[in-house]
Amino acid sequence: MEDMEKEIFEEAGNPKADSGFGEEVPKEEKKPEAAKEQKKSKAKVKELEAALEAEKAKTAEAEDKYLRLAAEYENFRKRSKAEREGIYAEACADAIKELLPVFDNLERATQYTAPDKVCEGVEIILKGLPDVFAKMKITVYGKAGEQFDPNIHNAVMHIEDEAYGENEIVDVFQQGYMLGDKVVRYAMVRVAN
């Protein structure tokens with residue numbers, strides 16, 4: 001009996017023991033497969049960790065680009081605001097500079113006591129105003145005989161007269177002024193038919 005126990009014990013310790021069905025089951029072969037799986041898993045984990053680090057780096061780079069772009073936009077906004085304010089101030093100064101000679105001439109005209117000299121001085125000043133307006137790119141419009149355009153004219157009176165065409169301007173009470181395409185003041189007119 002002891003021999004039998006000894007034999008069973010030796011068979012149990014033998015890596016290749018008979019399973020009782022005529023085939024041998026290798027016990028040690030399961031361990032290398034598990035080791036291979038474990039190596040594959042570790043390799044996959046390392047690969048995923050590397051991918052995660054790469055994505056973290058990309059995210060940090062994108063966040064940095066976003067923050068730089070946001071800062072750049074804020075600087076652009078502040079710079080644009082300052083430029084707009086500067087342009088407005090320059091435009092006002094340029095307009096005043098162009099009008100100052102007219103003002104000076106009007107002051108000189110008030111020094112005359114003779115009515116005919118004052119009238120002559122005012123006429124000279126009025127003749128010089130179109131040049132000032134041209135420098136400022138202001139155009140004057142609204143003359144009798146033009147076609148009425150509600151976009152640039154203000155009809156304050158209307159008459160029925162067959163001597164005039166339809167929507168023809170008969171009288172101009174105030175001339176209109178435009179700066180480029182922008183109406184500064186609408187022409188006040190009387191329109192026929």
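These numbers were taken from a predicted model, which means no experiment stands behind them. Hydrogens, waters and symmetry mates are skipped; everything else that's a heavy atom, side chains included, is used.
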[atom2] on [Y] to [atom1] on [X], rounded to 0.5 Å:
X: Arg185; Y: Ile138; atom1: CZ; atom2: CD1; value: 11.0 Å
X: Leu129; Y: Lys127; atom1: CG; atom2: NZ; value: 12.5 Å
X: Met136; Y: Thr139; atom1: CE; atom2: OG1; value: 12.0 Å
X: Glu63; Y: Lys56; atom1: CD; atom2: NZ; value: 13.5 Å
X: Asp64; Y: Thr59; atom1: CG; atom2: OG1; value: 12.5 Å
X: Asn167; Y: Asn193; atom1: CG; atom2: CG; value: 8.5 Å

Non-hydrogen side-chain atoms of [X] and [Y] separated by less than 4.5 Å:
X: Glu168; Y: Gln147; answer: yes
X: Glu74; Y: Lys78; answer: yes
X: Glu37; Y: Glu33; answer: no
X: Glu49; Y: Val45; answer: yes

Decide yes or no on side chain to side chain contact (heavy atoms under 4.5 Å, CB included) for Arg84 and Ile87, but give the supporting numbers first. CA-CA 5 Å; Arg84 276 194 310 272; Ile87 289 172; 5.7 Å; no

Shared ILVMFWY cluster between [X] and [Y], side chains joined below 4.5 angstrom?
X: Phe133; Y: Leu106; value: yes
X: Val132; Y: Val184; value: yes
X: Val122; Y: Val140; value: yes
X: Phe148; Y: Val156; value: no
X: Tyr177; Y: Val172; value: no

Between [X] and [Y], what is the shortest heavy-atom contact and its length?
X: Ile159; Y: Arg190; value: CG2-CD, 3.6 Å
X: Val170; Y: Val191; value: CG2-C, 4.3 Å
X: Ile169; Y: His153; value: CD1-NE2, 3.4 Å
X: Tyr186; Y: Asn154; value: CB-CB, 4.2 Å
X: Ala187; Y: Tyr141; value: N-OH, 3.6 Å
X: Val118; Y: Ala109; value: CG2-O, 3.6 Å

Answer yes or no: is there an ion pair linking Glu61 with Lys65, defined by an N-O contact shorter than 4.0 Å? yes

Would the number of heavy atoms belonging to other residues, nucleotides or ligands and lying under 6.0 Å from OH of Tyr112 be above 12?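 Counting neighbours around OH of Tyr112, 12 or fewer heavy atoms of other residues, nucleotides or ligands fall under 6.0 Å, so no.
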
Between Lys42 and Lys46, is a side chain to side chain contact (heavy atoms under 4.5 Å, CB included) present by the stated rule, with each step listed? CA-CA 6 Å; Lys42 283 183 181 181; Lys46 284 185 180 180; 5.5 Å; no

